[in-house]
Structure formats: C-alpha cells, structure tokens
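These notes concern the structure reproduced below.
Quick caveat, the model's predicted, so the values are computed rather than measured. Throughout, a chain's letter reflects where its sequence line sits, starting with A, and its residues are numbered from 1.
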Protein chains: 2
Amino acid sequence: MKQRPRVVIIGGGFGGLYAARALKRDNIDLLVLDRTNHHLFQPLLYQVATATLAPTDITAPIRWLLRKQRNTTVLMATVDRVDPERRVVIADDGAHEYPYDFLIVAAGARHAYFGHPAWEKIAPGLKSVDDALRIRHRILSAFERAELARDPDERRAWLTFVLVGGGPTGVELAGMIPTIARHCMPTDFRRIAGEKARVVLLEGGPRVLPSYPDSLSGHARNDLAVLGVEVRTESLVTQLEPGSVVVNGSDVIRSNTIIWAAGNAASSLGASLGAPVDRAGRVQVAPDLSIPLHPEIFAIGDMASVVIDGKAVPGVAPAAMQMGTHAAKNIRRTLERRARQPFVYRNKGDLATIGRHRAIADFGRLQLTGGLAWWFWLFLHIMYLAGFRNRLSVLVEWGYSYFTYEPGARLISGL
Amino acid sequence: MKQRPRVVIIGGGFGGLYAARALKRDNIDLLVLDRTNHHLFQPLLYQVATATLAPTDITAPIRWLLRKQRNTTVLMATVDRVDPERRVVIADDGAHEYPYDFLIVAAGARHAYFGHPAWEKIAPGLKSVDDALRIRHRILSAFERAELARDPDERRAWLTFVLVGGGPTGVELAGMIPTIARHCMPTDFRRIAGEKARVVLLEGGPRVLPSYPDSLSGHARNDLAVLGVEVRTESLVTQLEPGSVVVNGSDVIRSNTIIWAAGNAASSLGASLGAPVDRAGRVQVAPDLSIPLHPEIFAIGDMASVVIDGKAVPGVAPAAMQMGTHAAKNIRRTLERRARQPFVYRNKGDLATIGRHRAIADFGRLQLTGGLAWWFWLFLHIMYLAGFRNRLSVLVEWGYSYFTYEPGARLISGL
C-alpha cells in the first residue's frame with residue numbers, strides 16, 4: 001500500500017485552522033503543530049486585556065476543533081526550524097522531526113519594537129493570551145497602585161495610560177480604559193475616587209486607523225475624544241523608560257502603564273525557509289502562496305507578504321482564513337495533477353470598535369459609524385464565534401458588562 | 001472631633017470578608033488589606049484546576065464586594081508583619097505602615113509538605129487562583145505530552161495522575177480527572193485514543209474524607225472506584241521525585257502529574273503575633289477569638305485554632321465566615337463597653353462532590369449520598385455564589401459541561 005501524502009501545518013491560528021479544515025476529506029495524513037494547545041479568536045483579545053472576557057471565552061483546543069477529522073493529528077510542539085532540503089520540520093529543541101510532502105507555514109507575527117528589544121519589558125504588546133493577561137494585570141494593578149500612592153505625581157503616573165500605535169489594537173484598547181476608570185474609580189476606590197484617569201493614544205502617522213478611509217478615521221478620532229482619550233498624531237516614541245515615554249524627542253509623558261501596539265514582525269520561521277522576506281520579516285510568496293524554489297512549501301497569514309495588482313493583502317483574520325483555504329486547495333490540485341490557482345483576496349469589509357458602543361465599518365461603498373456599526377460588529381463577532389462553544393458565555397459576559405458597565409473579569413493573577 | 005476607631009482586617013477571604021461586612025454600619029474607619037485584588041470562592045477552585053470554570057467565574061474584586069461600605073477602604077498590600085506593641089501593620093517590604101485600634105488577622109493557610117519544601121515544585125497544591133492554573137496547566141499538558149511520547153513507559157507516566165491526600169480537595173480533584181480523560185482521549189487524541197488514564201488517590205489514614213462519618217466515607221470510596229480511581233488508604237508518601245512517588249518506603253508509582261492535597265500550614269503571620277501556635281502554625285485563640293495578652297487582636301479562619309468543648313472547629317468556609325462575623329461583633333461590643341461573647345460554631349453540614357454527579361452530604365442526623373446529594377451541592381453553591389455577579393456564567397459553564405461532558409476551559413497558558 002502506498003503511503004498517503006503527508007501534509008504538515010505549522011500554527012493553529014486562523015490561517016492554519018482554515019487550511020486544516022479545508023483538507024478534512026482528503027486522502028492525506030495531516031499533522032497540525034502549534035506551540036499552544038488552543039486556537040485564539042484574536043479579534044477579541046483586547047477584551048481579555050481590558051477585563052471583560054475570560055481567556056477561555058475566546059479560545060478552544062485546536063485538537064477539539066479538529067476532532068472529527070480522522071485524517072488529522074494535532075500535536076503541541078514548538079517548531080525550531082524547517083529543513084526544506086530534507087523536507088522535515090524540527091521541533092522541541094531537536095527532540096522531534098516531522099517529515100512532510102507538503103508544508104503550510106502559518107506561524108503568525110509578534111509585535112516589533114523597531115530595534116529596541118528592551119522596550120518590550122516596559123511596554124508589553126498584545127498577541128497571545130499570556131500577553132492579554134499581562135496587560136490586564138498592568139491596567140488593574142495601576143489603579144491599585146494609584147490608590148496606595150501618597151505622592152500626587154506618583155499617583156498621576158499610575159493613572160496615566162499610554163497606548164503606542166493608532167491601529168485597530170491601539171484604538172480598541174484606548175477606547176476601553178476610560179470606561180473602566182470612569183465606572184470603577186468613584187465607587188470602588190476611596191483615595192482616587194475624585195480623580196480622573198488620563199489615556200493617551202500616540203500615532204506616528206497623520207491619523208488613527210490609517211488603513212481606513214479618511215472620513216472613518218476622523219469619526220474614530222472624534223469618538224475617542226468623546227470618551228476622553230487624548231489622541232496625538234504625528235507622535236513618534238523616541239525613548240521608553242520605566243515610568244516615562246518620550247515623544248518626538250522632547251515631550252515627556254509620565255506613565256507607569258505603557259502598552260505597545262505599534263508594529264509587527266513575522267515569525268522568524270519565515271526567514272529560516274531561505275525565501276526572500278520583506279522589512280517586517282514576511283515571506284514574499286508566489287501568487288499560488290508557495291515560496292520560491294519550494295513549491296511544496298506555502299506561507300500564509302500574518303507571516304506572508306502577498307501583493308495583488310500592486311496592493312498588499314492586509315494582516316487581518318479574514319485574509320489569513322482565505323489564504324489557509326487557498327493553500328489547502330492548491331495542495332489538492334497538485335495531488336490531482338491539476339494546475340494551481342493564484343490567490344485572490346476578497347475584502348469583506350473592515351470593522352473596528354471604539355469603546356462600549358461605537359464602531360466604524362468599511363464595506364467599500366457602504367460605510368457605517370457609531371451605534372449601528374457597533375451592533376453590526378457585535379453580530380458578526382458572535383456569528384464568527386459560533387464555530388466555538390464559547391458563544392453563550394461570551395454573550396452572558398457582554399450582556400452583563402453592557403447593562404451594568406462592570407468589566408466582569410477584573411482578576412489580577414500572577415505572571 | 002475625636003478620631004474614629006481604626007479597624008484593620010488582614011485578608012479578604014471568607015473570614016475577612018464577613019468580618020468587613022458585619023462592620024459596614026459601624027462608626028469606624030475600616031481598612032481591608034489583601035495580597036491579591038480578589039476574594040476567591042475557594043470551594044470551587046478544584047473546578048478551575050480541572051478545566052471546567054474560568055478563574056473569573058469564582059473571583060470578585062474585594063473592593064467591588066465592599067464598594068457600598070462608605071467606612072471601608074480596601075488596599076492591595078502584602079503584609080510583612082504586625083507590631084503588636086506599636087499597634088501597626090507593616091506592609092510591602094516596610095514601605096507602608098497601617099496603625100490600628102483593633103486588628104483582625106484572617107490570612108488563611110497554605111499547603112504544607114511536612115518538612116519537605118522541595119516537594120512543592122514536584123507536586124503543587126491548590127489554594128490560590130495561580131495554584132489552580134498551574135494544576136490545570138499540568139493536567140492538560142500531561143495528555144499533550146502523552147500524545148507526543150514514543151516510549152510506552154513514558155506515555156504511561158504522562159497518563160498517570162497521583163493525588164496525595166484523601167481530604168475533600170484530593171477527592172474532588174481525583175473525581176474529575178477520569179471524566180476528562182474518558183471524554184477527551186478517544187475523540188480529541190489520535191495516538192493515545194485507545195489508552196486509559198490511571199488516577200491514584202493516596203491517603204495516609206485508614207479512609208478517605210476522614211472528617212465524615214464512616215458510612216459516608218465508604219460511599220465516597222465506592223463512588224471513586226466506579227469512576228475508575230484507584231484509592232489507596234494507609235499509604236504515606238515517603239519520597240517524591242520528578243516523575244515518581246514512593247509510597248510507604250517501597251512502592252514506586254511512575255507519574256509526571258502529582259498533586260498535593262495532604263496538609264495545611266497556617267500563614268506565618270500568626271506566629272509573628274507572639275501568640276502560641278499549634279503544630280500546623282495556627283494561633284490558639286481565646287473563646288472570644290482574640291489572642292492572649294492582646295485583646296485588640298483577633299485571629300480567625302484557617303489560621304486560628306479554636307477548640308470548643310474539646311472539639312476543634314474545622315478549617316472550612318462556613319466556620320471562617322462565622323468567626324469573621326463574631327470577631328466583628330466583639331469589636332462592636334468592646335466599643336460599646338459591653339462584654340464580649342465566646343464564639344460558638346454552628347455546623348450547618350458538610351458536602352463533598354465526587355466526579356460529575358455524585359456527592360456526599362452530612363447534616364448530622366440527615367445524610368445524603370449519590371445524585372441527590374450532588375443536586376443539593378449544586379443548589380447550595382449557586383446560592384452562595386449569589387453574592388457574586390458570577391452566578392449566571394457559572395450556570396452556563398456547568399450546564400454546558402453537564403450536558404456535553406466537555407470541560408469548557410481547557411486552556412494551557414503560561415506560568
């Protein structure tokens with residue numbers, strides 16, 4: 001009996017998961033490797049960081065999501081590197097090797113600090129569950145430390161929150177903090193009950209949410225201002241130290257809670273494939289999503305740089321899903337000796353929330369803002385979470401938070 | 001204007017919280033200090049450890065629980081020691097001092113390793129949210145590692161779970177693991193799909209749940225056997241090493257997941273008060289719950305040793321609550337120049353669950369077992385959680401787990 005073709009997928013995020021699902025009925029041996037045991041619904045990660053949802057509300061075990069695919073094995077493994085010549089994936093400090101006939105690399109990205117790796121300790125970024133818990137820990141502890149502080153300057157530094165980066169993550173985090181502060185400080189605290197938290201959003205470019213049309217981006221800025229967020233554009237961070245941010249080389253903001261949402265660097269696995277990478281470390285793939293010289297290796301999601309008709313495909317969840325499905329189909333076509341097809345990105349629209357019940361939505365010709373866009377966002381996210389079992393508990397948490405203004409997950413736990 | 005009497009409570013567990021609530025209308029300045037920001041519903045902690053509930057389901061911010069008490073300030077602070085002569089509490093490595101006129105010490109207990117502190121790393125215990133996440137991490141990772149293992153002996157060691165201690169915590173944890181294993185292994189895993197997990201419960205004495213009557217304890221042992229738990233009584237752990245447990249000096253059980261539920265040691269704050277302590281480090285208090293020579297200091301809950309008519313008050317949540325309320329009342333009586341009253345423990349009954357739908361209940365003359373006791377347990381715990389906002393989301397999680405057999409919180413996150 002001939003051995004079935006072996007397909008290995010590295011990463012169980014949106015790209016890897018959708019690739020695996022697209023291969024469920026194929027006569028192959030499919031192996032999915034991930035460093036963690038869970039798929040993460042990343043678009044809601046900021047709600048874990050801002051104490052509304054529990055991590056388990058937005059995660060599900062990858063092996064559970066793929067349990068019905070009898071051709072699929074899921075292993076929790078940390079991939080060290082790929083050896084494209086020998087066609088093996090090397091994992092767990094060389095302890096395991098996984099041979100493949102086809103490989104899909106979907107290892108995502110981490111935040112990048114533009115050549116200042118030491119900044120990570122001062123200003124954590126938001127990519128994983130642990131990141132989100134770390135940020136939640138910092139935000140909630142800041143109020144506790146402010147309540148303890150005797151010195152007014154120290155208290156102000158604890159009540160000042162700086163978000164670096166005006167993309168969706170920075171905007172979503174910035175929009176939630178004033179709500180927590182305004183709701184909890186006057187009731188739950190005594191010494192800081194009469195004070196106000198200061199939230200500063202720093203964006204290097206001329207406007208927040210630069211991937212959106214001008215008018216929507218202006219709307220978002222207004223919405224943030226209404227919530228009390230100080231938005232500063234054309235503001236580059238030039239120095240970070242514990243307790244302070246230096247902006248444009250001169251302005252100093254004293255803050256003990258600085259969060260980084262300013263840049264991404266693709267997983268270093270991309271570079272290890274020997275393929276050309278762009279400035280952010282993303283692999284420049286061919287139109288069929290495979291890498292040069294190795295048609296059996298595909299790179300997808302946040303770690304792939306795909307340019308179609310001169311336009312870059314954005315690093316968002318729907319793009320990763322579409323690439324995953326497309327790479328899977330191209331593997332099937334190859335096995336069936338049919339020609340591969342080039343990837344086409346279908347932009348179904350972009351959504352970003354600002355605080356409790358405002359959002360902006362861009363569907364090309366149709367643009368929504370304010371409450372309507374927010375309800376649309378809510379509906380879409382509940383629909384997407386439907387693949388998970390967590391839908392109901394998320395609804396309960398959101399319902400609770402919405403009507404009471406209470407962030408329901410205000411737990412500071414060790415890290 | 002005369003300064004109001006200052007009452008300080010150390011610890012926001014059941015004892016401290018109930019003491020604080022009992023003082024809500026008194027004309028005092030009340031300060032509650034806790035190392036964490038949250039009150040923990042400890043009786044359900046084992047469900048976090050076994051991946052059914054999220055930590056936020058069973059915790060609530062202490063300052064939120066006490067937000068309506070205008071005489072109360074809550075601070076997150078790590079108490080170093082008490083200086084009974086100067087009447088101050090010293091916290092945060094000496095950074096802060098809190099003077100008091102009355103002090104209630106309710107700092108609880110940690111697990112104890114009988115003179116083997118090095119065992120803690122091998123066999124974690126279950127007292128805090130972080131402990132529960134650590135145990136969840138170990139249990140879930142064990143299945144992942146078993147799936148990865150090539151060597152059959154190694155695989156068995158990953159599929160063997162040893163619980164040390166046959167009290168309620170050991171029994172509750174032991175009862176949950178077979179359910180997880182039996183439900184998840186055949187569907188979610190591939191290489192270990194045909195194998196069985198082994199769960200061993202070690203108890204040094206002649207029977208499990210020794211605080212319960214003989215017949216109930218026998219019932220629990222039967223229930224555990226039905227679930228597939230190997231119960232070994234008269235079995236003392238004499239050596240622990242990573243990967244193995246030695247029982248009674250000779251039997252070796254190979255296991256990579258060993259959990260400690262065998263002993264408690266009261267917070268060392270008790271000893272620092274200068275009062276006499278028992279073998280477990282608990283402060284021997286007077287009938288009014290104050291300590292010798294310092295009638296202004298009360299010790300309550302798991303760190304107090306209270307003996308009434310020759311019978312020790314057990315270290316359970318209801319006892320801590322009753323002591324908290326009682327100490328508060330004795331402070332009020334003292335302020336009103338009335339005589340203090342001795343503490344009387346009202347045992348409202350004991351309940352312990354075994355697995356998914358069995359329990360034992362001891363209400364003195366009335367004893368329940370099996371499904372009926374379990375429903376009673378469920379009802380009582382939902383009622384108790386009512387003080388929290390978390391009731392609804394716990395119900396959702398339980399409903400989900402009950403009908404699907406899925407532990408809904410199977411998240412391995414960093415620690």
Side-chain angles (χ1 to χ4, degrees), chain A residues 36-38 40 51 53-57 59-68 70 72-77 91-92 95-96 128-130 132-134 140-141 143-145 147-148 150 184 187-191 389-390 392-393 395-397 399-400 404 406 408-415, chain B residues 36-38 40 51 53-57 59-68 70 72-77 91-92 95-96 128-130 132-134 140-141 143-145 147-148 150 184 187-191 389-390 392-393 395-397 399-400 404 406 408-415:
Chain A
T36 73
N37 78 325
H38 56 274
L40 167 64
L53 295 178
T56 42
D57 289 332
T59 55
I62 298 166
R63 59 172 71 265
W64 178 79
L65 290 168
L66 299 174
R67 69 193 179 286
K68 290 179 182 156
R70 300 313 299 182
T72 307
T73 301
V74 178
L75 295 177
M76 188 171 152
D92 299 323
H96 297 103
S128 69
V129 166
D130 290 331
L133 291 177
R134 200 171 294 124
L140 297 178
S141 299
F143 293 108
E144 299 292 335
R145 299 294 293 270
E147 181 85 345
L148 275 171
R150 303 256 171 72
C184 299
T187 57
D188 295 9
F189 291 84
R190 296 292 176 263
R191 299 164 172 193
R389 59 126 226 134
N390 314 55
L392 188 56
S393 81
L395 263 182
V396 168
E397 296 293 343
Y400 182 86
T404 62
E406 291 284 347
R410 276 167 298 162
L411 171 67
I412 301 178
S413 66
L415 261 172
Chain B
T36 73
N37 79 326
H38 55 274
L40 168 63
L53 295 178
T56 42
D57 289 332
T59 54
I62 298 166
R63 59 173 70 264
W64 178 79
L65 290 168
L66 299 174
R67 71 193 178 285
K68 291 180 182 158
R70 300 313 298 183
T72 307
T73 301
V74 177
L75 294 177
M76 188 171 151
D92 299 323
H96 297 103
S128 69
V129 166
D130 290 331
L133 291 177
R134 199 171 294 122
L140 297 177
S141 299
F143 294 108
E144 298 293 335
R145 299 295 293 269
E147 181 85 344
L148 275 171
R150 302 257 171 72
C184 298
T187 57
D188 294 11
F189 291 84
R190 296 292 176 263
R191 300 163 171 194
R389 60 124 226 138
N390 313 55
L392 188 55
S393 81
L395 261 182
V396 168
E397 296 293 343
Y400 182 86
T404 62
E406 291 283 347
R410 276 166 299 162
L411 171 67
I412 301 178
S413 66
L415 261 170

Residues in side chain to side chain donor-acceptor pair (under 3.5 Å) with A:T73, at least two apart? none
For [X] versus [Y], what's the shortest heavy-atom pair and its separation?
X: B:R191; Y: A:L75; answer: NH2-CD1, 3.7 Å
X: B:N37; Y: A:E144; answer: CB-OE2, 4.0 Å
X: B:R70; Y: A:T187; answer: NH1-O, 4.2 Å
X: B:R67; Y: A:R190; answer: O-NH2, 2.9 Å
X: A:L148; Y: B:H96; answer: O-NE2, 3.9 Å

Enter the distance from A:D188:CG to B:I62:CD1 here, rounded to the nearest 0.5 Å.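 Separation between the atoms: 12.0 Å.
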CG/A:L140 to NE2/B:H38 distance, rounded to the nearest 0.5 angstrom?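 Atom-to-atom, A:L140:CG and B:H38:NE2 are 11.5 Å apart.
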Contacts of A:T72 that satisfy side chain to side chain contact (heavy atoms under 4.5 Å, CB included) - sequence neighbours left out: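 Scan of A:T72 (side chain to side chain contact (heavy atoms under 4.5 Å, CB included), adjacent residues dropped) gives A:L30, A:V32, A:L66, A:Q69, A:V74.
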With side-chain contact (heavy atoms from CB on, under 4.5 Å) as the criterion, how do B:R63 and A:E147 come out once you've worked through the C-alpha distance, each side chain's angles and the decisive distance to 0.1 Å? CA-CA 11 Å; B:R63 59 173 70 264; A:E147 181 85 345; 4.1 Å; yes
